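Computed from a prediction, not measured in an experiment: that's the story for all the values here. Just so it is clear, the values below take in all heavy atoms, side chains as well, and ignore hydrogens, waters and symmetry mates. Every chain is numbered from 1 and lettered A, B, ... according to where its sequence line falls, protein lines coming before strand lines.
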Amino acid sequence: MTPLPPAFFNRDPVRVARKVLGATLVRVLPGGEVLSGRVVEVEAYDCPRDPACAAGRFHAARTMDMAIPPGHWLFWTAHSHPLLQVSCREEGIAASMLIRALEPLTGIGSMLTHRPVTRGRDLTNGPAKLVYALGLNPAEIAGTRVDSPGLHLLPPAAPLPDDAVTVTARIGIQAGKNLPWRFLVNGNPWVSPAVPSMDLLAGG
DNA sequence: GTCTCGATTGGCT
DNA sequence: GCCAATCGAGACA
């Protein structure tokens, strides 16, 4: 299967996030071992229209890190933890898609070596947890193409139907928290444990 | 230089 | 479920 090319990400990150849900993230270690997981939770950050990016004194310069050409890996640091993202839209516009959780498929033994946990689902059910489990080095990965041999995304075998996807507000932010830009696979035990306000879902 | 905040995590109750 | 740890980044003196 052909990895998703950078051109796929040259559009609205909300649409990108919806389509990437169900894709397979593949990490090939230097020794050739393959670690992979199904993407079961994603969020979109679209700074031109997103208060979560524009608000606050902390974001002005940092968000510009996202303004690289589309389809490149980048890392956002929050609470000293690295979060894996893919740049979206054309160069010069700060927009990205955040991978929040994976369902491990292959190389679980190596993931446990990178990130020993006592409860299985804690291995990759958080945006920084999956970075640790895959043994990713931000300094090495950041700025590389999303279809790089060492780390790439394989598209879902078939698009996920709407009734298999839950759309909610994003987690852990204040500004822009009412935007329904978080997508997760219905009933999947590997999604992150935090539950956002469901207010915006009350009306459907 | 110092203070404050945060797209998280993990330990404790 | 609650809350402390943690440290990079930006504002301000």
Side-chain angles (χ1 to χ4, degrees), chain A residues 9 12-18 20-21 25 37 39-68 70 72-89 93-104 111-143 146 153 166-185 189-200:
Chain A
F9 297 87
D12 181 349
V14 179
R15 295 178 61 188
V16 169
R18 172 63 179 82
V20 167
L21 193 67
L25 179 64
V39 178
V40 295
E41 182 179 347
V42 295
E43 285 182 0
Y45 288 85
D46 192 20
C47 294
R49 57 180 173 135
D50 187 353
C53 289
R57 57 192 171 122
F58 304 97
H59 294 82
R62 292 178 66 192
T63 52
M64 292 314 292
D65 292 344
M66 301 180 197
I68 61 178
H72 288 68
W73 297 111
L74 57 91
F75 288 85
W76 181 276
T77 302
H79 296 268
S80 76
H81 297 292
L83 316 182
L84 180 64
Q85 301 186 281
V86 183
S87 58
C88 297
R89 297 195 185 275
I93 296 179
S96 66
M97 181 206 74
L98 167 66
I99 299 176
R100 286 192 58 92
L102 291 180
E103 175 184 350
M111 293 186 199
L112 284 167
T113 301
H114 295 142
R115 180 181 150 73
V117 295
T118 55
R119 193 174 60 164
R121 70 178 63 176
D122 287 339
L123 184 58
T124 55
N125 69 343
K129 294 177 184 179
L130 66 90
V131 171
Y132 298 138
L134 293 175
L136 298 179
N137 177 359
E140 170 192 335
I141 302 293
V146 76
L153 279 166
T166 297
V167 184
T168 79
R170 292 169 296 178
I171 288 174
I173 60 174
Q174 295 303 313
K177 63 183 176 183
N178 290 326
L179 292 170
W181 290 357
R182 174 177 175 242
F183 302 91
L184 52 93
V185 176
W190 294 91
V191 301
S192 60
V195 177
S197 165
M198 290 294 161
D199 292 351
L200 81 158

* Asked: Is the number of heavy atoms from other residues, nucleotides or ligands within 6.0 Å of CZ (A:Arg15) greater than 12?
  -> no

Report all interatomic pairs (protein N or O, nucleotide N or O of nucleotides 2-4 of chain C) with separations under 3.5 Å.
none

* Find the distance A:Trp76:CH2 to B:dG6:C1' and express it as a whole number of Å. => 9 Å

* Structure fact -> Across every strand shown, the nucleotide meeting Watson-Crick or G-U wobble geometry with B:dC12 (both distances under 3.5 Å) is C:dG1

* **A:Arg170 side-chain N/O to A:Gly176 backbone N/O, donor-acceptor pair under 3.5 Å** => yes

* Asked: When we call it a touch if two heavy atoms are under 4.0 Å apart, what does A:Met66 touch: a base, just sugar-phosphate, or nothing?
  -> base

* Asked: In the strands shown, is B:dA7 matched to any nucleotide by a Watson-Crick or G-U wobble pair with both distances under 3.5 Å, and which?
  -> none

Give each protein N/O atom lying under 3.5 Å from an N/O atom of nucleotides 9-13 of chain B, with the pair distance.
unit_1 : atom_1 : unit_2   : atom_2 : d
B:dT9  : OP1    : A:Pro127 : N      : 3.3
B:dT9  : OP1    : A:Ala128 : N      : 2.8
B:dT9  : OP1    : A:Lys129 : N      : 3.1
B:dT9  : O4'    : A:His81  : NE2    : 3.4
B:dG10 : OP1    : A:Arg115 : NH1    : 2.4
B:dG10 : OP2    : A:Arg115 : NH1    : 3.4
B:dG10 : OP2    : A:Arg115 : NH2    : 2.9

* Would a distance-only check, ignoring hydrogens and angles, find a side-chain to backbone donor-acceptor pair under 3.5 Å from A:Arg182 to A:Glu41? -> no

* Asked: Mind checking what makes side chain to side chain contact (heavy atoms under 4.5 Å, CB included) contact with A:His81, not counting sequence neighbours?
  -> A:His79, A:Ala128, A:Tyr132

* **Any side-chain heavy-atom pair of A:Leu102 and A:Leu134 under 4.5 Å** => yes

* Contact class for A:Gln85 (heavy atom, under 4.0 Å): base, sugar-phosphate, or nothing? -> base

* Asked: Which of these, A:Arg100, A:Lys177, A:Arg18, sits in a salt bridge (charged side-chain N to carboxylate O under 4.0 Å, His left out) with A:Glu43?
  -> A:Arg100

* Asked: Tell me: NE2 of A:His79 to P of B:dG6, nearest whole Å?
  -> 8 Å

